[in-house]
2 protein chains.
Amino acid sequence: MKPADTIAALRIETPPATLREMALERMRRAIISGLFEPGGRLVERTLCDHLGVSRSVIREVIRHLEAEGLVEMIAKQGPIVARLEWDDARQIYEIRAALEATAVADCARVATKDVKAQLREALDELDRTSRQNSPLGILDATTSFYQIIFRTGGHTIAWDIVSRLNSRISRLRVMTLSSANRMTSGPAQIREIFAGIECNDPEAAAKACRAHVAAAAMIAETILGEKASSVHPASV
Amino acid sequence: MKPADTIAALRIETPPATLREMALERMRRAIISGLFEPGGRLVERTLCDHLGVSRSVIREVIRHLEAEGLVEMIAKQGPIVARLEWDDARQIYEIRAALEATAVADCARVATKDVKAQLREALDELDRTSRQNSPLGILDATTSFYQIIFRTGGHTIAWDIVSRLNSRISRLRVMTLSSANRMTSGPAQIREIFAGIECNDPEAAAKACRAHVAAAAMIAETILGEKASSVHPASV
DNA sequence: TGCGGTCTTATGGTATACCAACATACAGAA
DNA sequence: TTCTGTATGTTGGTATACCATAAGACCGCA
């Protein structure tokens, strides 16, 4: 009897894919990919036509995206695609640095051969996409690299948070990653994180991780072309 | 001409308070306060009767709460109040430790006389409610203490995240805080954080903050009466 | 008595109808 | 020409209607 042939494996878990879930997924992707301009209005009836669903569905999806921070409601006018201020982006990078560094350190503590192999695989994928200079490929590869790290440490909630934050800076990330790639420093920095994990050195891995995020933040700042003229001298 | 008599002050900002927003607020409070049992079903039509609004409103509110993690959808059955596993709580305390320590350190770096005065006020309120042994009062006081800290450092997004996380462990928090109060260690720990901020010592403040969260997590674990028999030996 | 089939009902998923408010365009008067 | 009042249309807010399905009750048959 194969392991999968257990009684439990018989259970039918229908992912019944309600209209709402599909619409949510598509809307999210549309916003993240930049199909809808930041600040652009999301006219409900228009979206109904585009997606082929009723307003109920659209409105519930918008509520969800609103709670995720991808959509803002402006009173008496309706939903718009959330704009990204540099100050928000700065904070997001800062939070990511904290959460990712923690996850990386934990991962380095407990990483087994198996985990390291998975990470290596993700790195190879990253190299491949880097050589092809495929921004979206790089982003996916980076994402799965980190996902393995968070999963290994059991940081499911932190992963949720990071994913959500990342979706808010997705456009920035694409530019950041390809820019980092052009300078060939991006993959190198991630390799450094991996090096720390490989020899189970939490401090080194965490340090590399912080450096990586900080570098990304700096590139992002340059791209946004804004000064971090924040009144709040929070640490970077 | 008084300062408030400017042209700008004429602007009418209607907080138009849509039904949805009010319903959202009430539902959230109802869940947080434990009026709805964790795991309990949230039957839409029943909620309509209770709140006196239509299903559209209820459903959109539920979408929002779902994205916040307070409500879970179970397929073909509808929404239930999210249950809290100890593993989730553990992760939440861990994330809080990271974010709050960062915020506290930043606050200690830049805290002015004014900020310190505000914090002292919050502390006094905490003392007052502690003596009265009023769990909800303690919780509110603690919340405003931290809110001042996050606001001072400009960590608006981190504050959002922490608030959201806290609402997921609200029941636990009430018990934790009053328990900590009974042992009289809670207020003392918070005072320690304040001490670090008062003499602008980021490291000391952050350390006290981590200690405070860790203590809360330990109490929470005892209360939940479960072993952290996690497969993932993540740091505590 | 136990099993299977069927009917009922409760419930969520989806669509649509109605309304109030805001914005725009336009017409008329000073 | 410019300003103001009005009409109209677009849009979000809210309520309701309809449908499919799943869970439970009930009944009849072996």
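We use all heavy atoms of the structure for the numbers below, so side chains are in, but hydrogens, waters and symmetry mates are not. In this text, all values refer to a predicted model and were calculated from it rather than measured experimentally. Residue numbering restarts at 1 for every chain, and letters A, B, ... go by the order of the sequence lines.
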Testing B/Ile169, B/Asp87, B/Val162 for side chain to side chain contact (heavy atoms under 4.5 Å, CB included) with B/Ile92, which one passes?
->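 Only match with B/Ile92 under side chain to side chain contact (heavy atoms under 4.5 Å, CB included): B/Ile169.
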Just how far, in rounded Å, is [atom2] of [N] from [atom1] of [X]?
X	N	atom1	atom2	answer
A/Leu19	C/dT16	CG	P	12 Å
A/Leu47	C/dT14	CG	P	16 Å
A/Leu51	C/dT14	CG	C1'	14 Å
B/Arg59	C/dA15	CZ	P	11 Å
B/Met73	C/dT14	CE	P	10 Å
B/Gln77	C/dT9	CD	C1'	15 Å
A/Glu21	C/dG13	CD	P	9 Å

Picking from D/dG12, D/dA15, C/dT14, which would you name as closest to the side chain of B/Ser54?
->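 In terms of side-chain proximity for B/Ser54, the closest of D/dG12, D/dA15, C/dT14 is D/dA15.
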When you measure from the side chain of A/Val57, which nucleotide among C/dA15, C/dG12, C/dG13 comes out closest?
->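 Selected nucleotide (nearest to the side chain): C/dA15.
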Give B/Leu42 one of three labels, base, sugar-phosphate or nothing, depending on what nucleic acid heavy atoms sit under 4.0 Å from its own.
-> sugar-phosphate
Using a heavy-atom cut-off of under 4.0 Å over every strand shown, decide if A/Arg45 touches base, sugar-phosphate, or nothing.
-> base
5′-ward residue of the pair B/Thr46/B/Ser56 relative to DNA chain C | B/Thr46
